[in-house]
Amino acid sequence: MSESKPAPDTTRQVPAVTGEDEVVDLCRDLIRMDTSNYGDHSGPGERVAAEYVAEKLAEVGLEPQIFESHKGRASTVARIQGEDPSRPALLIHGHTDVVPANAVDWTHHPFSGEIVDGCVWGRGAVDMKDMDAMTLAVVRDRLRTGRKPPRDIVLAFLADEEAGGVYGAGHLVREHPELFEGVTEAISEVGGFSFTVNENLRLYLVETAQKGMDWMKLTVDGTAGHGSMIHRDNAITELSEAVARLGRYEFPVRVTKTLRHFLDELSDALGTELDPENMDETLAKLGGIAKLIGASLRNTANPTQLGAGYKVNVIPGQATAHVDGRFLPGYEEEFHADLDRILGPRVKREPMHADKALETTFDGALVDAMQTALRAEDPIAKAVPYMLSAGTDAKHFDNLGIRGFGFAPLKLPPELDFAGMFHGVDERVPVDALKFGTRVLDRFIELS
Ligand SMILES: [Zn+2]
């Protein structure tokens, strides 16, 4: 635009609408845009959400850019100038795609954005149009009221996270790294939500680590032959035994820095020493988050696909299986050694898709800012680190040396199975939690 901008007003204006007022509508608008990601280009794409986000950012004076990596696969990026541009910048990133939803399984239509029982319902309500909406609401409020952040903030609303981010974060990091110049830290999804321990303590799980991914194909070559004969070299038999051994194998518990820190905090909170070697007992006390924590204790390898044969009386010459492997930060080599030992020499193991593990420490000014912002809105809040068993776009930004945290703050009712709603049916987020998160994020930015 060529129009000259009005001089910034240094007195704080009274806004017609606040971030808290807006956040719910922003979230509902985003949910109503079907941005299902089927893992290829057959879905609707994220273009509609990218344009919506760009419009909302342009309204408050930013100059967002839309990047299309493939037809319809679009991401939006904008930079907000901070009070002190010489300081390293903070990245806030969110993805606008969602995993598909089968409407017949849902109580309320997944793309309706309906408000029922105090919650906004729909695909993306927790993963992660909630955080997209909170980010938009906070940024819009701050810019409308002339409150610059203390340092530069880069906002990225990204395509394709649900299929590995190749057409979103991966594309931008590869093709447009200049967008993230000066960024050293980032916040994004799958962290910052609450787990109520008792009336004196509510933990907020901040993600500081992610497991690595190792999807693999297993192959056994045998001797083909007639199904009626005595046959000692059957590929299916060999492979099945190996797959069963692997599927039943319990990898040892490994106490990563993140797990140690989490257990120490929890031990303090509960007033009892928690033994990582006896995690069954510990997990029993963790209710809804037991699933999350349980998956971060050890490497895992789950067989997910099997293939062999084409006719009942023909012994095939080959059998294959696919395995979803996940390893802890620092335990990739051990994982591969375990796999080779368990599978044995007959099984050929080939990588299909691999991604690194991440782990950062839970300390520094940014973590203090999270702690203080949470505490200001919830007096019994305590932020603790945890490890995510899956991956996010943080892995792409790690390639630029950006330290990532999962911090999308939500104060949740204790009975809500939040962890179970990621990619699940009846995904929903409490209206109060969205407003809480908006207030916390605003304070967090002020302190960051
Ligand atoms: Zn997500």
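Computation of the quantities below employed the complete heavy-atom set of this structure, encompassing side-chain atoms and omitting hydrogens, waters and symmetry-equivalent molecules. Numbering of ligands and ligand atoms starts at 1, following listing order.
- Taking the six-membered ring where tryptophan is involved, the planes of F418 and F422 are perpendicular, since the angle between them exceeds 60° and thus also 30°.
- The Zn ion (ligand 1) sits nearest to atom OE1 when only the N, O or S atoms of E189 are considered.
- In the model, D141 has no side-chain atom that pairs as donor or acceptor with a side-chain atom of T18 under 3.5 Å.
- When the Zn ion (ligand 1) is compared with the N/O/S atoms of D127, atom OD1 turns out nearest.
- Residue-level check: among N/O/S atoms of H95, NE2 sits closest to the Zn ion (ligand 1).
- A ring-centre distance under 6.0 Å is found for F251 and F335.
- Side-chain atoms of D338 and N299 form no donor-acceptor pair, as typed in the model, at a separation below 3.5 Å.
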